[in-house]
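Structure record follows, encoded as structure tokens.
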Amino acid sequence: MADRVRKVRYCYVTIPSRAGQGAKVLAAVKQAGVNLLGFSGFPARTGAAQLDLLAEDQSAIRRLARREGWRVSRPKKGFLVQGTDVVGAVDRHVQKLAGRKISITAAQAVSAGGGRYGMMLWVKSKDYVRAARALKAR
């Protein structure tokens with residue numbers, strides 16, 4: 001089966017970098033019934049962490065963030081890749097971008113079990129349209 005590359009919108013929230021803070025965000029997302037397509041958390045600056053939230057309904061994330069008092073970014077764009085987990089699955093997409101001299105800002109990939117994998121991929125805004133074409137993103 002061919003990989004599916006989707007254009008996605010996401011936003012991020014900045015939270016204190018303390019134990020349990022990310023868990024509070026995810027619990028609130030769950031309680032609000034928001035389905036996440038992807039999630040990434042990492043240190044942002046001293047004392048803070050950034051949580052990227054790729055949701056099916058970004059407006060629901062924004063409403064939740066207002067209600068919870070989270071600092072939320074403006075909407076951003078990225079890609080979600082889903083497909084069959086084979087040797088070179090990620091490399092195939094990375095090479096498409098490299099061949100067009102498009103730098104990857106960040107990427108995360110994981111085996112999902114059952115012969116499947118997923119990857120979140122970010123490029124600079126100026127390269128987004130070219131990357132979407134290269135990846136045949138829908």
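Treat the numbers as computed from the prediction; the structure is a model and nothing was measured.
- Under the 4.5 Å side-chain criterion, counting only non-hydrogen atoms from C-beta, Val8 is not in contact with Lys77.
- Ring pair Trp122/Tyr10 is perpendicular by interplanar angle, where above 60° counts as perpendicular and below 30° as parallel.
- The NZ atom of Lys7 sits 10.5 Å away from atom CG of Leu135, with the distance rounded to the nearest 0.5 Å.
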Criterion side chain to side chain contact (heavy atoms under 4.5 Å, CB included) on Arg116 and Asp85, from CA distance to verdict: CA-CA 5 Å; Arg116 306 275 301 149; Asp85 187 8; 5.6 Å; no

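- Nearest heavy-atom pair, Ala131 versus Val123, reported as atom, atom and distance to 0.1 Å: CB-CG2, 4.0 Å.
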message: Please determine whether side chain to side chain contact (heavy atoms under 4.5 Å, CB included) holds for the pair Arg63 and Asp57, giving the CA-CA distance in whole Å, both sets of side-chain angles, and the decisive distance to 0.1 Å.
response: CA-CA 10 Å; Arg63 285 191 305 273; Asp57 181 0; 4.0 Å; yes

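- Using a 4.5 Å heavy-atom threshold, the side chains of Arg130 and Ile102 count as touching.
- Remark: side-chain polar atoms of Ser17 are not paired, donor with acceptor, to backbone N or O of Ala49 under 3.5 angstrom.
- Counting only heavy atoms from C-beta outward, the side chains of Val94 and Leu121 never approach each other to under 4.5 Å.
- Under a hydrophobic-cluster definition in which Ile, Leu, Val, Met, Phe, Trp and Tyr are linked whenever side-chain heavy atoms come within less than 4.5 Å, directly or via other members, Val25 and Tyr12 are assigned to different clusters.
- Atom OG of Ser73 and atom CG of Asp52 lie 7.5 Å apart (nearest 0.5 Å).
- Side chains of Leu37 and Arg6 form a contact here, defined as non-hydrogen atoms less than 4.5 Å apart.
- With Gln58 contributing its side chain and Leu53 its backbone, the two residues share a donor-acceptor pair below 3.5 Å.
- With hydrogens and angles left out, the side-chain atoms of Ser40 and Gln108 include a donor and acceptor closer than 3.5 Å.
- Considering every non-hydrogen atom in both Asp127 and Ser103, the closest pair reads OD2-N, 4.4 Å.
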message: Set out, in order, the CA-CA distance, both residues' side-chain angles and the distance that settles side chain to side chain contact (heavy atoms under 4.5 Å, CB included) for Phe39 and Leu54, then state yes or no.
response: CA-CA 6 Å; Phe39 166 81; Leu54 284 76; over 6 Å; no

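- Grouping Ile, Leu, Val, Met, Phe, Trp and Tyr residues whose side-chain heavy atoms lie under 4.5 Å apart, directly or via other members, leaves Phe42 alone, with no other cluster members.
- Using a 4.5 Å heavy-atom threshold, the side chains of Val5 and His93 count as touching.
- Arg100 places a side-chain N or O within 3.5 Å of a backbone atom of Lys96 that can act as its donor or acceptor partner.
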- prompt: Would Leu36 and Ile61 count as a side chain to side chain contact (heavy atoms under 4.5 Å, CB included) if you check the C-alpha gap in whole Å, the side-chain angles of each, and the deciding distance to 0.1 Å?
  reply: CA-CA 10 Å; Leu36 291 180; Ile61 289 289; 4.3 Å; yes

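- Between Tyr117 and Asp3, the closest side-chain pair of non-hydrogen atoms falls below 4.5 Å.
- Expressed to the nearest 0.5 Å, how far CZ of Arg71 lies from SG of Cys11 amounts to 13.0 Å.
- Within the model, atoms CD of Glu68 and CD of Gln31 stand 9.5 Å from one another, a figure rounded to the nearest 0.5 Å.
- Annotation for Arg9: atom CZ does not count as buried by contact number, only 12 or fewer foreign heavy atoms lying within 6.0 Å.
- Side-chain contact between Trp70 and Leu64 is present, with heavy atoms from C-beta onward closer than 4.5 Å.
- Interatomic distance, Leu26 CG to Leu51 CG, rounded to the nearest 0.5 Å: 7.0 Å.
- Rounding to the nearest 0.5 Å gives a distance of 8.0 Å between CG of Leu80 and CE of Met120.
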